[in-house]
Each structure stands twice: as C-alpha cells, then as structure tokens.
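When a ligand or atom number is given, it counts from 1 through the structure's own listing order.
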Amino acid sequence: MIVKTFILALLVPSIDALLRFSCSQLVVERLDPLVNPGVTQSPHVHQIIGGNSFNISMDPSVSPADQATCTTCTFAEDFSNYWTAILYFKARNGTFKRVPQKGNVGFESSNGGMTVYYTPTLASAAGKYVTAFQKGFRMIVGNPTYRTEAEAKKFRQLTYTCLQNMNTRTDETLYFPKKSCPAGIMVNVRFPTCWDGKNLDSPDHMSHVAYPTSGTFENNGPCPSTHPVKLPQLFYEVIFATEKFANEWPTDGSQPFVWSFGDTTGYGNHGDYVFGWKGDALQKAMDTNCNINCPALKTQSIATGNKCAQSQKVKEDVDGWLTELPGGMPVG
Ligand SMILES: *[C@@H]1O[C@H](CO)[C@@H](O)[C@H](O)[C@H]1NC(C)=O
Ligand SMILES: *[C@@H]1O[C@H](CO)[C@@H](O)[C@H](O)[C@H]1NC(C)=O
C-alpha cells in the first residue's frame, strides 16, 4: 500500500506553520525508561536524542529541563527525549552491521539523530491553537511485535520513504522499501494528535492519546469526545544511510535491512516520546505559530548540539560486525 504524502515541509505556506529542527544523536544503547524503567538492559537497541538527563528510569514528576545540562536539539530549551529503534544490515555471511543515521536537508552537519516537527493545527485560521504537551507527558506510537500490514494499519502514518535523493517526499510505504534506495531510507513517525486532557501517561503509554475520528491532523479531522484536546502533530524523520550497502545486497534480491528488534517487514515501526521542554516554551512557540525559525525560542548551533553526547550506561558493542542482534533479538 502506498500512503500519500501529508506534509511537504519545505513547501508548506505560513498558515500551515510548523517547527522543524534537528536533534543530533545523544546515545545508541539498550535502554527504555518508558517500557522497561529501571531495567538494564531493555530488549532492543534505540537511538536516543535530546536532553542529557535521559536515564535508565525517568521520574515523571521531575522535568528533564530541570535535570539536563545540555541538549542535542537546535532549539536550546528542548530537553525532551525522542527515540526509535535502529536498523541493521544483514550481510550475506549472516553478520549484522548497524546502519548509520544521517542529517536531513539543511541539517547535514548533524551527528545522526532525527528531524523533529511540532505542527500547530490548521485551526489557527480560526484563532484556536493546539495545547502543548506538559511536564510529565509521555507516549509511544507503534508496536514492535507487528509483522503484518493489517496490524500496521492500526497506526496511521508510520511509514518509510525510499529516498531517490534527499528531497524525496512521496510514495510512503508501511513496509521496508524492497529495492535499494539511492539516498537512504527515511523512517516517518507521526504521533496521534488528540489527548484525553487528564492523563500524562497510561499503562500502555498510548490510550491517553488518540487519532482524529476522521481524516488526519493535517486536514483538520475532529478529535473524538473521549480525547477532545488537540495536541501539536509530533513527527520524527529518521534517515538511515542504507545506500552504503547498495553493492552488498543479497543475491536473491531480498531486502537486507532489519530493525534492532528483529523485524524484516517494517510493520513493527514505533517511536517513543518523553516531553521535556523548559517551562511553557513549546506552548509559546505553538501560540505564535512559528514556522521553522522561531524568534520566541532560544536556539543553538548543530555543532553545539553534536557536543552533547552521553556514553552508554551499559557498555555494549552495537557497531561491529555482529554475529547476532544486540540482546540476542531473534530475526523474524
Ligand atoms: C541516572 O540515574 C542515576 C541513578 O539514579 C543517577 O546517579 C545519575 O546521576 C543519573 N544520570 C543522569 C545523566 O541523570
Ligand atoms: C561478513 O561480511 C562482511 C561484509 O562483506 C564483512 O565485512 C565481514 O568481515 C564478514 N564477517 C565474517 C566473519 O566473515
């Protein structure tokens, strides 16, 4: 199934204003303070970006903005943590090699990481803006156990773009591209945009948020009565430099990439979010309908963001030619 493109970030007119910024890699390791708090280590590897208060456990009553001393994001008041799983290349001899992430258009000097978007609603035309996430807010979208299209369709807009060049923004699929992509694979993670207005988190880290009852955030679909509060559209683009392996594809033509949780289909795509903006900086940015640049926010250079790195809390080789996926995750 081909999903139509919803956002053409660089072409969006100012009425569809959005924050678009770069966050470099903070650390790559097997930790997950949302799904496996206190557990060293979590089952699969993640790339984490954002504030350096990321930890094995993260107490929701403490704001990352009060604990972190730096952030990898170019908006300097954003100490949130954002993470996804990472990709491995499976070589013909059966070993696995991590596929590096690379910076997006305009953010080429970023050390891996992601591009993060927060989009205020189109209802801005009516003078009504979104309610920003608040201290203690967390959520997850997607499910790493999914391996079928029917399952993946339960989540809207978790997709892959086969980059013909760095500006390709069409023909998103729910599954991994089946051919080598000349400029890499972009993973697109769009979160639900309706909130129950009460719970900052929920046992499954999902049921406190919902999708619009019809349509999408971008075409201003209404929120369900159970989740009436409209949130910004949080959206990650993660670009994996899969083109580095173009000459080493399997002889049978099958696609050789596998998520760090063992998925070769792509249907298990998922992402995690722990809110950590300082004070009401994000709400201000949404209220002023900032577009890309935001005078209301403090910024820092990509080079400064690149310097804010964490070392792994539990040392593990995630980068060599590995005989199995880290944590022994089975492939399939
Ligand atoms: C992580 O948590 C441990 C244990 O609570 C604490 O000692 C350490 O300072 C924390 N690290 C960061 C970066 O917050
Ligand atoms: C497996 O293949 C990769 C890619 O060709 C190569 O770099 C690596 O050294 C090989 N490992 C073994 C154990 O043969």
Is_contact([atom]), protein non-hydrogen, under 4.0 Å:
| atom | result |
| --- | --- |
| atom 2 (O) of ligand 1 | yes |
| atom 9 (O) of ligand 2 | no |
| atom 12 (C) of ligand 1 | yes |

For [X], counting its heavy atoms only, list the atoms of ligand 2 lying under 4.0 Å from any of them.
| X | result |
| --- | --- |
| Asn93 | 1 (C), 2 (O), 3 (C), 8 (C), 10 (C), 11 (N), 12 (C), 14 (O) |
| Glu248 | 4 (C), 5 (O) |
| Thr95 | 1 (C) |

Nearest non-hydrogen protein atom, atom 7 (O) of ligand 2: Trp321 CE2, 3.3 Å
Does Glu77 come within less than 4.0 Å of Lys284, counting only side-chain N to carboxylate O?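 No salt bridge links Glu77 with Lys284.
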Once the angle between the rings of Phe261 and His44 is folded into 0 to 90°, is it parallel (under 30°), tilted (30 to 60°) or perpendicular (over 60°)?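 Judged by the thresholds at 30° and 60°, the geometry between Phe261 and His44 is tilted.
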Describe, in one word, how the ring planes of Tyr273 and Phe191 are oriented to each other, choosing from parallel (under 30°), tilted (30 to 60°) and perpendicular (over 60°).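 Aromatic pair Tyr273/Phe191 classed tilted.
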One finds that the ligand 1 atoms under 4.0 Å from a non-hydrogen atom of Asn52 are 13 (C)
Output the list of atoms in ligand 1 that are nearer than 4.0 Å to some heavy atom of Asn55, sorted by atom number.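 Contacts of ligand 1 toward Asn55, numbered from 1: 1 (C), 2 (O), 3 (C), 8 (C), 10 (C), 11 (N), 12 (C), 14 (O).
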Tell me, do Arg98 and Val45 make a side-chain contact under 4.5 Å, heavy atoms counted?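 The answer is no, as the side chains (C-beta and beyond) never meet within the 4.5 Å cut-off.
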Who else is in Val62's hydrophobic cluster (ILVMFWY, side-chain heavy atoms under 4.5 Å, direct or via others)?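 ILVMFWY cluster around Val62 holds nothing else.
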Is the count of non-hydrogen atoms from other residues, nucleotides or ligands lying under 6.0 Å from Asn247 atom CG greater than 12?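 At most 12 heavy atoms, drawn from other residues, nucleotides or ligands, come within 6.0 Å of this atom.
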Does Glu243 have any salt bridge (charged side-chain N to carboxylate O under 4.0 Å, His left out) partners at least two apart in sequence or in another chain, and if so, which? Lys102
